Amino acid sequence: MLGTLRTLSARSEECHVYRRLNGVQIAFDKAGSGEPVLFLHGFPHSRAIWEPQLSGLACNVCCIAPDLRGFGESEARGPYTIEQYADDAAALLEAEGVSRAVVVGLSMGGYIAFAMWRRHPERIKGLVLADTRANADDAQARGRRMHLMELARREGSAAVAEVLLPSMVAPGTRARHPELVESLRRMMAAAPVAGVCGALEAMVARSDATALLPRIAVPVLVVVGAEDAITPPGEALRMVDALPRGRLEVISRAGHVSPYERPAAFNRLLCEFLAADFPNE
Ligand code: MLT
């Protein structure tokens, strides 16, 4: 089902649309024209985290940014698995008539991008893995997620946002851009509890993508904030070492949400990647 047109920012052709995909109402933004680029947000974010890309990319791209099921304006209905999010993303490309796209995944979005490569490789032209990791959860990470699930059920998403926020952004971002940190807090606090718990379960159960890396045949840009405390630069380096066509870029003065904290730097890297690896497309 098509939704409403929304007023927009700098990019003239942006619109806000809903589609029913795999039985669930999915909201997404679409902006610009040119190379199709699919943006997958992290946890517990929404597509709003990509606003600086949708409004600020200076190259010719058609940006498609969905709210994953259970986040933002998408319906909060399971099943919640990384594979299901990947199938939703592939269904969105299909519904939009996009045969292949460059897929940009931020953190949990990166886990979903790996699942897309496993399940729908024909849809992926290139990957941008931002502030993410290939390995699965260890026992400690699973324990932390169980604790967050209990917290979400007991006190709501705002409490989860309070726990996560300090490690999401670099200290300098907090000092220089308190308004940005406040927007991120609001975005995370607004996530439906069902979506938060579903995503936590999905991440606990996700497969390890380490063995997949050498088989990713498309160009991959790995981006990480120099001060990312959740998926530190060492993780990014390990991924690039295993990727046949991988390239690493470290964004200084950024933490775990580098595209949001340093959008101009991230956007420049993305445009350079597209120009170098997908010229004249
Ligand atoms: C994210 O930003 O998506 C999360 O930090 C991912 C995770 O909890 O593993």
Side-chain angles (χ1 to χ4, degrees), residues 3 6 16-19 21-29 38-54 64-86 88-89 92 104-113 115 130-132 137 141-142 144-169 173 179-206 229-231 255-261:
R6 198 170 65 150
H16 170 205
V17 187
Y18 292 93
R19 274 192 188 276
L21 302 169
N22 299 324
V24 170
Q25 191 85 335
I26 297 289
F28 64 101
D29 287 323
L38 176 71
F39 291 90
L40 301 173
H41 65 75
F43 170 84
H45 308 145
S46 74
R47 70 188 197 279
I49 202 140
W50 299 115
E51 198 283 330
Q53 281 65 51
L54 269 67
I64 302 174
D67 282 330
L68 300 173
R69 58 171 69 203
F71 291 98
E73 295 175 277
S74 288
E75 199 179 341
R77 181 181 319 167
Y80 297 102
T81 63
I82 295 295
E83 289 75 20
Q84 183 65 62
Y85 295 132
D88 293 348
L92 176 57
V104 182
L106 171 63
S107 197
M108 183 176 76
Y111 311 157
I112 299 166
D131 302 297
T132 192
D137 281 2
R142 284 196 293 274
R144 272 198 306 271
R145 297 206 201 277
M146 294 305 172
H147 167 75
L148 285 177
M149 265 185 248
E150 284 162 21
L151 185 65
R153 288 189 187 116
R154 204 175 56 239
E155 295 178 32
S157 299
V160 173
E162 288 312 313
V163 170
L164 296 178
L165 198 60
S167 51
M168 280 266 160
V169 296
T173 303
E179 73 300 340
L180 188 153
V181 178
E182 203 36 50
S183 302
L184 188 60
R185 180 200 306 279
R186 280 199 301 273
M187 188 193 307
M188 299 199 295
V193 169
V196 167
C197 292
L200 287 165
E201 277 168 20
M203 288 191 284
V204 165
R206 79 185 188 277
I230 298 177
T231 48
H256 185 59
V257 287
S258 59
Y260 195 63
E261 295 176 75

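Heavy atoms only: backbone and side chains are in, while hydrogens, waters and symmetry mates are out. The structure displayed is predicted, hence computed values, not measured ones.
Nearest heavy atoms, Thr81 versus Ala202: CA-CB, 3.7 Å. Leu200 and Arg145 get closest at one heavy-atom pair: O-CD, 3.8 Å. Contact between Ala65 and Trp50 at its shortest, heavy atoms only, is CB-CD1, 4.2 Å. Taking every heavy atom of both residues into account, Ala113 and Leu40 meet most closely at N-CD1, 4.3 Å. Annotation for Cys197 and Ala152: closest pair SG-CB, 4.0 Å, computed over non-hydrogen atoms. Heavy-atom minimum distance, His41 versus Pro66: CD2-O, 3.4 Å.
Going from atom CD1 of Ile82 over to atom CZ of Arg206 covers 7.0 Å, rounded to the nearest 0.5 Å. The NE2 atom of His45 lies 5.0 Å from the CG atom of Leu184; values are rounded to the nearest 0.5 Å. Distance check: Arg77 CZ to Asn22 CG gives 11.5 Å after rounding to the nearest 0.5 Å. Rounded to the nearest 0.5 Å, atoms CZ (Arg186) and OG (Ser46) are 11.5 Å apart. Within the model, atoms CD1 of Ile49 and CG of Leu106 stand 5.5 Å from one another, a figure rounded to the nearest 0.5 Å. Atom CE in Met168 sits 5.0 Å away from atom CE in Met188 (nearest 0.5 Å).
Put simply, the side chain of Thr231 gets close to the backbone of Asp131: a donor and an acceptor are under 3.5 Å apart. Gln84 places no side-chain N or O within donor-acceptor distance of the main-chain N or O of Tyr80, the cut-off being under 3.5 Å. The backbone N or O of Ala191 lies less than 3.5 Å from a partner atom in the side chain of Ser157, making a donor-acceptor pair. Judged by distance alone, the side chain of Arg69 and the main-chain N or O of Gly78 form a donor-acceptor pair under 3.5 Å. Checking side-chain atoms of Ser74 against main-chain N and O of Asp67 turns up a donor-acceptor pair under 3.5 Å. Side-chain atoms of Arg47 do not come within 3.5 Å of backbone N or O of Gly72 as any donor-acceptor pair.
Under the 4.0 Å criterion applied to side-chain N and carboxylate O atoms, Glu182 and Arg185 are assigned as salt-bridge partners.
By the 4.5 Å heavy-atom criterion applied to side chains, Phe39 and Pro259 are not counted as neighbours. Residues Thr173 and Val257 form no side-chain contact, since every pair of their non-hydrogen atoms from C-beta on lies 4.5 Å or further apart.
The aromatic rings of Phe43 and Phe71 lie perpendicular to each other, with more than 60° between the two planes, well past the 30° mark.
When only modelled atom types and interatomic distance are considered, Ser107 and His256 share a side-chain donor-acceptor pair under 3.5 Å.
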